[in-house]
Amino acid sequence: MLPAFLGLIFLTYVPLLGVLGISLTNWTGLATPEFIGFDNYIKIFTTDPYIKDSIIATIYFAILSVIGSMIYSLFIAMLLNRKIPARGFFRAVFYVPYVLPAVAIYVGWSWLYEANFGFFNYLLSEVGLHKVLFIADSSYVVPSLSLISVWLAGNLIVIFLAGLQNVPIVYHEAAEMDGANGWQRFLHITLPSMSPIIFYNLLMSLIANLQVVTPALALTNGGPGNASRFMTYLMYDQAFVNYKLGYACATTFIIFAILAAFTIVLFKTSNRWIYNEGGDDK
């Protein structure tokens, strides 16, 4: 167990303490840091013009992406779990987006979203609807970026697929003999049996989407306005554009606190809906 403990200490806890320490200074990366206490945190919550919009945009994106990716990936996994022609090929097709370079994916989707000649606006014009500024309108930019995140959920599909293959078939056979239809078997057998897998995917998806930064870097630069200025992008902008490393570390620690809060809530509520095969919820 020693290598695991050493990795956890030196790759997680020590850097975390380092971030906390730097957040209490005015370090720019060039000059000698000076200790300023909690001034960076006070400035963030009193004078920073971006922090409120950034927190709202991040949580909004995470909620849309997590809910969408969970529904989408479970639905696709259930389809791929059936006996269909070329099942292996389709499994690969749905997994490939997850392993492709993220920036290339977002640039490709920007062509689909293009206001004048993009594919989606072409479809809208064909059915007589007005064109939509998918990533240039503050009302649509976060849902549009969330849709890309949902499409990239190939890892969740693979995990759900593995979980579905471990659902005891005898439960379905017994329920079918008792007259249960497909929806009833899904609701009372598949979902309870899959609840530990659902919890894991929910947790991983939540953590990943609360740290979103690639869409803002690749497509929007935090715009339009501040609609997609996610917290991780805000941290990046402070650290590597404005060279306020102490201030950026304070923002990073706030991101960590938000992640911790959501994770704690998820763990505290999990015993209400996670089913164990022994019959007791835990």
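If you read the sequence from its start, that first residue is 1, and numbering goes on from there.
Looking at Leu79 and Ile84, their side chains never come closer than 4.5 Å, going by heavy atoms from C-beta outward. Side-chain contact between Ile207 and Phe262: absent, with no pair of heavy atoms (C-beta onward) separated by less than 4.5 Å. Here the side chains of Ser193 and Thr190 are not in contact, with every heavy-atom distance at 4.5 Å or above. Counting only heavy atoms from C-beta outward, the side chains of Val167 and His172 approach each other to under 4.5 Å. Between Tyr243 and Gln238 the shortest side-chain heavy-atom distance does not fall below 4.5 Å. At least one side-chain heavy atom of Val170 sits under 4.5 Å from a side-chain heavy atom of Pro168. In this structure the side chain of Met70 reaches within 4.5 angstrom of the side chain of Leu202, judged on heavy atoms. You'll find the side chain of Asp48 reaches within 4.5 Å of the side chain of Tyr247, heavy atoms only.
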Inset, instruction - Evaluate the side-chain contact (heavy atoms from CB on, under 4.5 Å) criterion for residues Met231 and Leu210: first the C-alpha distance (whole Å), next the side-chain angles of each, then the deciding distance (0.1 Å), finally the verdict. - result: CA-CA 8 Å; Met231 290 199 68; Leu210 282 173; over 6 Å; no
Legend entry - Derivation and outcome, side-chain contact (heavy atoms from CB on, under 4.5 Å), residues Leu24 and Phe38: CA-CA 6 Å; Leu24 303 177; Phe38 292 98; 4.0 Å; yes
Inset, instruction - Could you walk me through whether Leu147 and Leu64 pass the side-chain contact (heavy atoms from CB on, under 4.5 Å) test, one step at a time? - result: CA-CA 8 Å; Leu147 178 61; Leu64 292 180; over 6 Å; no
Inset, instruction - Start with the C-alpha gap between Ser23 and Tyr41, add the side-chain angles, then the distance that decides, and say whether side-chain hydrogen bond (donor to acceptor under 3.5 Å, both in side chains) holds. - result: CA-CA 8 Å; Ser23 72; Tyr41 294 94; 2.7 Å; yes
Inset, instruction - Would you check, one step at a time, whether the test side-chain contact (heavy atoms from CB on, under 4.5 Å) holds for Met194 with Asn166? - result: CA-CA 9 Å; Met194 288 283 292; Asn166 288 322; over 6 Å; no
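Using modelled atom types, no side-chain atom of Thr251 and backbone atom of Met235 make a donor-acceptor pair closer than 3.5 Å. In this structure, the side chain of Ser54 does not engage the main chain of Ile51 through any donor-acceptor pair within 3.5 Å. With hydrogens and angles ignored, the 3.5 Å screen pairs a side-chain donor or acceptor of Thr269 with a backbone N or O of Leu266. The closest donor-acceptor contact from the side chain of Asn40 to the backbone of Thr25 lies under 3.5 Å.
Asn81 is linked by a side chain to side chain donor-acceptor pair (under 3.5 Å) to nothing, counting only residues two or more places apart in sequence or in another chain. Applying the ring pair (Phe, Tyr, Trp, His ring centres under 6.0 Å) test to Phe186 and every residue at least two apart in sequence or in another chain returns Trp183. With sequence neighbours left out, Ser139 forms a side-chain contact (heavy atoms from CB on, under 4.5 Å) with Asp137.
Ring geometry for Phe199 versus Trp273: interplanar angle of 30 to 60°, hence tilted.
Using a 4.5 Å cut-off between side-chain heavy atoms of Ile, Leu, Val, Met, Phe, Trp and Tyr, with links allowed through other members, Trp151 and Ile135 fall into the same hydrophobic cluster.
Heavy-atom neighbours of Phe90 CZ from other residues, nucleotides or ligands within 6.0 Å: at or below the threshold of 12. Surrounding CD of Glu34 are at most 12 heavy atoms belonging to other residues, nucleotides or ligands under 6.0 Å away. Within 6.0 Å of NZ on Lys52 lie no more than 12 heavy atoms contributed by other residues, nucleotides or ligands.
With a 4.5 Å cut-off between side-chain heavy atoms of Ile, Leu, Val, Met, Phe, Trp and Tyr, the cluster of Tyr98 takes in Tyr95, Val99, Val158. Residues Phe5 make up the rest of the hydrophobic cluster containing Met1, defined by ILVMFWY side-chain heavy atoms closer than 4.5 Å, directly or through other members. Residue Leu11 belongs to no hydrophobic cluster, having no ILVMFWY side-chain heavy atom closer than 4.5 Å to its own. Other cluster members for Ile22: Trp27, Leu245, joined by side-chain heavy-atom distances under 4.5 Å among Ile, Leu, Val, Met, Phe, Trp and Tyr.
Note on residues 222-236: pairs passing side chain to side chain donor-acceptor pair (under 3.5 Å), not counting sequence neighbours, are Thr220-Ser228, Asn226-Arg229. Sorted by first and then second residue, the ring-ring contact (aromatic ring centres under 6.0 Å, His included) pairs with a member in residues 46-84 read Phe61-Phe230; sequence neighbours excluded. Pairs of residues two or more places apart, or lying in two chains, that qualify as side chain to side chain donor-acceptor pair (under 3.5 Å) and include a residue from residues 199-219 are Ser69-Ser205, Ser149-Asn209, Ser205-Asn209.
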Without placing hydrogens or testing angles, list every side-chain donor-acceptor pair under 3.5 Å for residues 121-130, not counting sequence neighbours.
| from | atom 1 | to | atom 2 | distance (Å) |
| --- | --- | --- | --- | --- |
| Asn121 | OD1 | Val132 | N | 2.7 |
| Asn121 | ND2 | Glu114 | O | 3.0 |
| Asn121 | ND2 | Ala115 | O | 3.2 |
| Asn121 | ND2 | Val132 | O | 3.0 |
| Ser125 | OG | Asn121 | O | 3.3 |
| Ser125 | OG | Tyr122 | O | 2.7 |

If you look only at distance, which donor and acceptor atoms sit under 3.5 Å apart when one is on a side chain in residues 104-113 and the other is two or more places apart or in another chain?
| from | atom 1 | to | atom 2 | distance (Å) |
| --- | --- | --- | --- | --- |
| Ser110 | OG | Val107 | O | 2.4 |
| Tyr113 | OH | Ser144 | O | 2.7 |

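When all heavy atoms of Ile197 and Gly163 are compared, the pair lying nearest together is CG1-CA, 4.2 Å. Scanning both residues, Pro97 and Leu152, for their nearest heavy atoms gives O-CD2, 3.3 Å.
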